[in-house]
Protein chains: 2
Amino acid sequence: MQQNQSAAELMTFRDREYKCGIDVTLALVGGKWKASILWHLAQETMRFSDLQRQFSDTTRKMLTQQLRELEMDGLVNRKVYPQVPPKVEYSLTEQGRTIFPILELMCDWGRNYAQAGNQA
Amino acid sequence: MQQNQSAAELMTFRDREYKCGIDVTLALVGGKWKASILWHLAQETMRFSDLQRQFSDTTRKMLTQQLRELEMDGLVNRKVYPQVPPKVEYSLTEQGRTIFPILELMCDWGRNYAQAGNQA
DNA sequence: AAACACAGTACCTTTTTGGAAACCATGACA
DNA sequence: TGTCATGGTTTCCAAAAAGGTACTGTGTTT
């Protein structure tokens with residue numbers, strides 16, 4: 001009497017098990033920066049230094065860490081131009097683009113929430 | 001040349017500032033349990049003990065903590081019946097229900113991702 | 001020969017989150 | 001009188017996430 005929508009199928013992702021797609025999604029984009037990074041990359045391909053400017057309140061280390069994980073998870077492309085000084089461009093993969101509708105809703109919902117909250 | 005969609009307006013929520021609605025949304029439901037809790041409550045009102053059964057891999061402490069925060073944030077109702085043994089029912093508020101479309105998308109997207117990933 | 005630009009890496013510390021185990025309050029019930 | 005059920009709280013500890021600072025590599029320019 002408890003298997004209504006997701007039934008008994010467990011999902012596996014990076015050696016962990018998840019009962020629900022929501023948890024998989026959060027594992028992929030639930031950190032402090034990933035969703036925003038994807039959102040920005042959805043607007044345009046960006047170099048590492050562009051991202052640094054956009055996310056000026058984080059460190060290079062955090063950015064590269066998050067980008068590496070997004071890349072491993074197949075959501076982001078990393079293109080290195082063999083030149084000096086280096087040039088590296090980040091963009092969304094096909095799969096990365098499929099998450100856009102969620103980000104859009106999250107963006108609107110959060111903004112509405114903040115506005116409503118401030119009026120109360 | 002950088003203000004395309006969210007412009008210069010900062011959002012405030014619980015003494016913190018956010019540049020983007022996405023970050024607000026993640027602050028509200030981005031933890032390890034909150035999104036799932038909302039998802040379950042969207043299906044039906046539940047007593048605390050029901051939630052404990054559904055989330056058998058977490059502790060009472062975490063559950064109450066998350067529920068309290070969701071309540072403070074206006075997403076969840078807590079109704080106490082004055083009887084012994086106690087009976088407490090949790091349900092979504094109006095505002096809590098507005099997040100349902102996001103959760104639905106997240107559920108589908110995560111499930112698709114997990115399936116596709118397992119075939120690769 | 002020295003300095004610069006870009007895109008990092010390495011190492012270490014701090015903060016946040018999650019979790020285990022024990023304790024509490026109350027009225028009903030045996 | 002003692003036990004049970006429900007819905008918690010408290011304290012302490014471990015793990016994970018995030019952050020700070022310094023260092024690296026390499027062609028090009030000065």
Side-chain angles (χ1 to χ4, degrees), chain A residues 13-20 22-37 40-41 45-73 76-91, chain B residues 13-19 22-24 26-37 40-41 45-73 76-91:
Chain A
F13 162 58
R14 294 217 281 205
D15 296 336
R16 291 203 179 167
E17 298 204 321
Y18 300 87
K19 291 188 200 160
C20 174
I22 289 180
D23 298 329
V24 176
T25 302
L26 281 179
L28 285 161
V29 304
K32 193 169 174 183
W33 305 106
K34 286 179 180 176
S36 284
I37 290 174
H40 281 275
L41 292 182
T45 293
M46 295 176 93
R47 299 183 55 167
F48 186 79
S49 49
D50 296 328
L51 286 165
Q52 271 192 95
R53 264 182 290 281
Q54 283 296 324
F55 295 90
S56 55
D57 48 349
T58 190
T59 57
R60 280 187 299 283
K61 189 204 131 195
M62 285 308 295
L63 268 183
T64 46
Q65 198 175 95
Q66 306 298 300
L67 287 166
R68 286 287 183 285
E69 290 180 16
L70 289 169
E71 193 194 356
M72 287 196 310
D73 294 335
V76 157
N77 269 321
R78 177 167 178 271
K79 183 170 179 184
V80 182
Y81 293 80
Q83 59 185 47
V84 169
K87 174 178 174 181
V88 180
E89 277 186 351
Y90 292 92
S91 58
Chain B
F13 162 58
R14 294 216 281 202
D15 297 335
R16 290 204 180 166
E17 298 205 320
Y18 300 88
K19 291 187 200 159
I22 289 179
D23 299 329
V24 176
L26 281 179
L28 285 160
V29 304
K32 193 171 175 183
W33 306 106
K34 285 179 180 177
S36 285
I37 290 173
H40 280 274
L41 291 182
T45 293
M46 294 176 93
R47 297 183 57 167
F48 186 78
S49 50
D50 295 329
L51 287 164
Q52 270 193 93
R53 265 182 289 280
Q54 283 296 324
F55 295 90
S56 54
D57 49 348
T58 189
T59 58
R60 280 188 300 284
K61 186 199 132 195
M62 285 310 294
L63 268 184
T64 46
Q65 197 176 97
Q66 306 298 299
L67 287 166
R68 286 287 183 285
E69 289 179 17
L70 289 170
E71 193 193 354
M72 286 196 310
D73 293 336
V76 158
N77 270 320
R78 178 167 178 270
K79 182 170 178 184
V80 182
Y81 293 79
Q83 60 186 48
V84 168
K87 174 177 174 181
V88 180
E89 278 185 352
Y90 291 92
S91 59

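To find a chain, count down the sequence lines: A is the first, B the second, and so on, and within it residues start at 1.
Using modelled atom types, one side-chain atom of D50(A) and one backbone atom of R47(A) make a donor-acceptor pair closer than 3.5 Å.
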In residues 29-37 of chain A, what donor-acceptor pairs under 3.5 Å come from side-chain atoms, sequence neighbours left out?
{"residue": "K34(A)", "atom": "NZ", "partner": "E69(A)", "partner atom": "OE1", "Å": "2.6"}
{"residue": "S36(A)", "atom": "OG", "partner": "D23(B)", "partner atom": "OD1", "Å": "2.9"}

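To the nearest 0.5 angstrom, L28(B) atom CG is 10.5 Å from M72(B) atom CE. To the nearest 0.5 Å, atoms CD (Q66(B)) and NZ (K61(B)) are separated by 9.5 Å. Distance check: K87(A) NZ to S49(A) OG gives 9.5 Å after rounding to the nearest 0.5 Å.
Ring geometry, F13(A) versus Y18(A): the interplanar angle falls from 30° to 60°, so the pair is classed tilted. Between Y90(B) and F48(B), the two ring planes are tilted [angle within 30° to 60°].
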Test log, rule side chain to side chain contact (heavy atoms under 4.5 Å, CB included), inputs N77(A) and T45(A): CA-CA 10 Å; N77(A) 269 321; T45(A) 293; over 6 Å; no
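Contact check for L67(B) versus R78(B): no side-chain heavy atoms found under the 4.5 Å cut-off. Using a 4.5 Å heavy-atom cutoff, the side chains of H40(B) and F55(B) are in contact.
Residues passing the side chain to side chain donor-acceptor pair (under 3.5 Å) test with E71(B), sequence neighbours excluded: none.
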What are the atom names and distances for every N/O pair under 3.5 Å that joins the protein to nucleotides 2-8 of chain C?
{"residue": "dC6(C)", "atom": "O3'", "partner": "R47(A)", "partner atom": "NH2", "Å": "3.1"}
{"residue": "dC6(C)", "atom": "O3'", "partner": "P86(A)", "partner atom": "O", "Å": "2.8"}
{"residue": "dA7(C)", "atom": "OP1", "partner": "R47(A)", "partner atom": "NE", "Å": "3.1"}
{"residue": "dA7(C)", "atom": "OP1", "partner": "R47(A)", "partner atom": "NH2", "Å": "2.9"}
{"residue": "dA7(C)", "atom": "OP1", "partner": "V88(A)", "partner atom": "N", "Å": "3.1"}
{"residue": "dA7(C)", "atom": "OP2", "partner": "S49(A)", "partner atom": "N", "Å": "3.0"}
{"residue": "dA7(C)", "atom": "OP2", "partner": "S49(A)", "partner atom": "OG", "Å": "3.0"}
{"residue": "dG8(C)", "atom": "OP1", "partner": "R68(A)", "partner atom": "NH2", "Å": "3.2"}
{"residue": "dG8(C)", "atom": "OP1", "partner": "R78(A)", "partner atom": "NE", "Å": "3.3"}
{"residue": "dG8(C)", "atom": "OP1", "partner": "R78(A)", "partner atom": "NH2", "Å": "2.4"}
{"residue": "dG8(C)", "atom": "OP2", "partner": "Y90(A)", "partner atom": "OH", "Å": "2.8"}
{"residue": "dG8(C)", "atom": "O3'", "partner": "R68(A)", "partner atom": "NH2", "Å": "3.4"}
{"residue": "dG8(C)", "atom": "N7", "partner": "R60(A)", "partner atom": "NE", "Å": "3.1"}
{"residue": "dG8(C)", "atom": "O6", "partner": "R60(A)", "partner atom": "NE", "Å": "3.3"}
{"residue": "dG8(C)", "atom": "O6", "partner": "R60(A)", "partner atom": "NH2", "Å": "3.3"}

Between the protein and nucleotides 10-19 of chain C, which nitrogen or oxygen pairs come in under 3.5 angstrom?
{"residue": "dG18(C)", "atom": "OP1", "partner": "K32(B)", "partner atom": "N", "Å": "3.1"}
{"residue": "dG19(C)", "atom": "OP1", "partner": "K32(B)", "partner atom": "NZ", "Å": "3.3"}
{"residue": "dG19(C)", "atom": "N7", "partner": "K61(B)", "partner atom": "NZ", "Å": "2.8"}
{"residue": "dG19(C)", "atom": "O6", "partner": "K61(B)", "partner atom": "NZ", "Å": "2.5"}

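Closest approach of Q54(B) to K19(A), counting heavy atoms only: O-NZ, 3.6 Å.
Using five terminal pairs a side, the axes of the helix from dA1(C)-dT30(D) to dA30(C)-dT1(D) at its two ends make an angle of 30°, given in steps of 10 degrees.
Here the range on DNA chain D touched by chain A, meaning any atom under 4.0 Å from one of its heavy atoms, is dA18(D) to dG27(D).
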